[in-house]
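The structure appears right after this line, and notes come after that.
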Amino acid sequence: MLIKPKGTYDLYGLDAKLYEYITACIQDFMEDYHYEFIRTPIFEDRNLYHRSVGDASDMVVKETYDFIDRGGRNITLRPEGTAGVVRALIENKLYGNRNDVLKYYYLGTMYRYERPQAGRYRELTQFGVEVFNSDDVLIDAEVISLGYNLLKELGLENFTVHLNSLGDEKTRENYTAALKKYLKPHLKDLCADCQTRYEKNPLRILDCKVDKDQTIMQNLPNILDYLSAESKSKFNKLKELLTMLDVDYEVDNHLVRGLDYYDYHVWEYISDDDGLALGAGGRYNTLVEKLDGPHLPAIGFGLGLDRIMLALKKILPTSEIPQNVDAYIMCVNEEEKIYGIKLAQDLRLNHVKTEINSNNLSLKSQFKVADSLNSKFLLILNSEDLKKGLINVKDNATKEEMKIDENEIVDFLISNI
RNA sequence: GCGGAGUUGGUGAAGUGGUUAACACGGUAGAUUGUGGCUCUAUUAUGCGUGGGUUCGACUCCCACACUUCGCCCCA
């Protein structure tokens with residue numbers, strides 16, 4: 001038997017309904033915030049990710065789906081959304097009017113070659129927001145609260161925004177140096193992973209789960225002490241704004257992000273139940289330049305839709321989402337069926353949600369199907385009545401039966417559903 | 001890439017080295033000769049993740065692989 005590739009999933013039934021609900025909700029929500037939808041390719045030139053996400057990140061080094069196409073091009077299936085949007089911004093010169101603050105959102109699948117777990121797939125679905133051309137802290141507050149409010153709007157309650165500031169490049173250099181200096185004498189007490197991180201990516205030692213309870217870790221230098229006066233005042237302003245916007249946040253000076261391009265404010269939406277990140281983001285004021293664009297400050301975040309679905313399923317009532325139609329057309333012989341399929345089309349084109357027997361079922365079975373669909377009306381076709389231009393209609397709530405003229409059936413149903 | 005647990009019909013699942021793989025839900029047909037939802041009856045896995053091996057005989061024991069799941073790494 002053929003089976004789906006590891007780490008992928010099929011969406012159907014209740015899960016598909018949930019997905020439809022989430023995407024519809026997102027579209028409405030983003031319209032109110034006046035963000036534009038942007039769609040970029042699912043595969044891009046491999047270099048895009050090496051230059052944006054960074055060669056130090058495992059995501060690029062060993063988790064991408066890479067292939068060489070028939071024309072010899074080095075292609076990578078996108079592992080995240082930001083790089084593609086930035087590339088599109090630069091290539092299409094969307095920044096043409098330098099006064100515009102550009103606000104985009106995307107929704108689509110990403111690909112990472114990693115070990116699947118619950119809510120974590122090789123083909124994952126992400127929603128994300130990117131805003132360009134404003135370094136105003138008001139935008140930071142808008143973007144962070146947007147994600148917060150969207151998660152609330154979707155029905156999630158138990159999550160918190162974890163917030164930190166990484167400052168500019170200089171700040172991080174200074175801080176990294178201080179961190180290494182502090183840790184050097186304690187190196188042998190850290191876990192094996194952290195000893196590697198010490199050389200490769202020292203900042204990531206901050207969110208190590210193994211060593212976090214050690215006293216060395218409690219007394220680490222605080223990155224917030226290394227911020228410039230300007231960064232510090234921006235961070236304070238941001239916190240004030242978030243409080244005013246009723247965003248439930250907490251400062252977490254151990255929060256660092258795995259992707260190279262982040263600077264200044266970074267944050268994660270963390271589920272209180274399992275500590276999993278539902279989404280995360282940050283400012284990236286230098287990425288556009290690094291990818292050969294103009295100097296354009298930017299900020300954005302991504303939400304993991306798979307994890308959101310998982311969290312939503314836990315809190316949503318487990319009862320089945322009821323199927324329902326307005327009318328079910330019952331027919332047995334050939335003449336009734338042919339009449340039925342035309343009637344079904346007329347009703348459907350008039351927005352009457354209609355289903356029809358199309359499977360040689362006995363009349364008894366058709367009643368069962370109509371019940372399982374919670375059909376409001378049963379249209380029980382029979383050849384004798386059809387000859388007189390009449391349709392036998394049964395109101396499935398009152399069980400009342402009536403004969404309606406075929407010329408009036410559409411109007412009758414429209415006014416009674 | 002590393003470690004733990006699992007994989008039996010459409011679904012939830014029980015089970016034993018030896019002829020017909022329990023039970024329940026769901027499906028189909030009939031009792032009800034074109035008006036159902038209750039009840040009753042019949043029927044519903046030539047197969048127990050895939051491929052090897054041990055054995056007279058394996059769904060049951062052994063090995064490998066695949067997939068699922070939990071954790072690590074990493075990340076949303």
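Here is how names work: the chains are called A, B, and so on, in the same order as the sequence lines, proteins then strands, and each is numbered from 1. Values reported hereafter were calculated over all heavy atoms of this structure, with side chains retained and with hydrogens, waters and symmetry mates removed.
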(message) Can you confirm whether or not the ring centre of A:Tyr35 sits under 6.0 Å from the ring centre of A:Tyr105?
(response) no
(message) Taking only the C1' atom of each, what is the distance from B:U7 to B:G47 in whole angstrom?
(response) 15 Å
(message) Using atom C1' in both nucleotides, what's the gap between B:A58 and B:C63 to the nearest angstrom?
(response) 15 Å
(message) Strictly below 4.0 Å: does A:Ser365 bring a side-chain N or O up to OP1 or OP2 of B:A29?
(response) yes
(message) I need a per-nucleotide contact map over nucleotides 39-44 of chain B, read 5' to 3'. Cutoff is protein heavy atoms under 4.0 Å; write B for the base, S for backbone only, - otherwise.
(response) ------
(request) Take the protein atom CG of A:Leu373 and the nucleotide atom C1' of B:G37, then report the distance between them rounded to whole Å. (result) 14 Å
(message) Taking B:A14 as the reference, what is the distance to B:A24 when you measure between their P atoms (whole Å, please)?
(response) 15 Å
(message) Whole angstroms only, please: what is the NZ-P distance between A:Lys403 and B:U35?
(response) 13 Å
(request) State whether A:Lys62 and A:Glu114 are salt-bridged, where the test is any N-O pair (Lys NZ or Arg NE/NH1/NH2 against Asp/Glu carboxylate O) under 4.0 Å. (result) no
(request) May I ask you to say whether A:Asp385 pairs ionically with A:Lys403, meaning some side-chain N is under 4.0 Å from a carboxylate O? (result) yes
(message) Please classify the nucleic acid contact of A:Glu401 as base, sugar-phosphate, or nothing, using heavy-atom distances under 4.0 Å.
(response) base
(request) Return the residues of residues 151-164 of chain A meeting this criterion: a heavy atom under 4.0 Å from some atom of RNA chain B. Order them by number, or give none. (result) none
(request) Could you please name the option among B:G34, B:A76, B:U28 that lies closest to any side-chain atom of A:Ala277? (result) B:A76
(request) Could you check how far CG of A:Asn392 sits from C1' of B:G34, rounded to whole Å? (result) 11 Å
(message) Given 3.5 Å as the limit, does a donor-acceptor pair link the side chain of A:Tyr328 with the main chain of A:Phe367, or not?
(response) no
(message) Salt bridge check, A:Asp140 against A:Arg283: does any charged N sit closer than 4.0 Å to a carboxylate O?
(response) yes
(message) Other residues, nucleotides and ligands only: do more than 12 of their heavy atoms fall within 6.0 Å of NZ on A:Lys337?
(response) yes
(message) Regarding A:Asp168 and A:Thr171, do their side chains bring together a donor and an acceptor under 3.5 Å, going by distance alone?
(response) yes
(message) Between B:U50 and B:G9, how far apart are the two P atoms, rounded to whole Å?
(response) 9 Å
(message) Roughly how many Å apart are B:C65 and B:U19, using the C1' atom of each and rounding to a whole number?
(response) 33 Å
(request) Round to a whole Å and report the spacing from CZ of A:Phe367 to C1' of B:U35. (result) 4 Å
(request) Answer yes if the side chains of A:Asp272 and A:Thr160 hold a donor-acceptor pair under 3.5 Å, and no otherwise. (result) yes
(message) Taking atom types as they are modelled, would you say the side chain of A:Glu336 forms a donor-acceptor pair with the base of B:G34 within the 3.5 Å cutoff?
(response) yes
(request) For nucleotides B:G51 and B:A13, find the distance between their P atoms and express it as a whole number of Å. (result) 25 Å
(message) Using a 4.0 Å heavy-atom cut-off, does A:Ile380 contact any base of the nucleic acid, only the sugar-phosphate backbone, or nothing at all?
(response) base
(message) Quick check on the 6.0 Å ring-centre criterion: do A:Phe377 and A:Phe412 meet it?
(response) yes
(message) Please classify B:G12 as syn or anti, treating any glycosidic angle within 90° of 0 as syn.
(response) anti
(request) Assess whether atom CD of A:Glu401 is packed by more than 12 heavy atoms of other residues, nucleotides or ligands within 6.0 Å. (result) yes
(request) Kindly say whether the aromatic ring centers of A:Tyr269 and A:Phe301 come within a distance under 6.0 Å. (result) yes
(message) Rounding to an integer number of angstrom, what distance separates B:G3 and B:G27 when you compare their C1' atoms?
(response) 43 Å
(message) Generate the contact string for nucleotides 66-74 of chain B. Rules: B means base contact, S means sugar-phosphate contact only, - means no protein heavy atom under 4.0 Å.
(response) SSS-SBBBB
(message) Rounding to an integer number of angstrom, what distance separates B:A45 and B:C23 when you compare their P atoms?
(response) 13 Å
(message) Quick check on the 6.0 Å ring-centre criterion: do A:Phe159 and A:Tyr148 meet it?
(response) yes
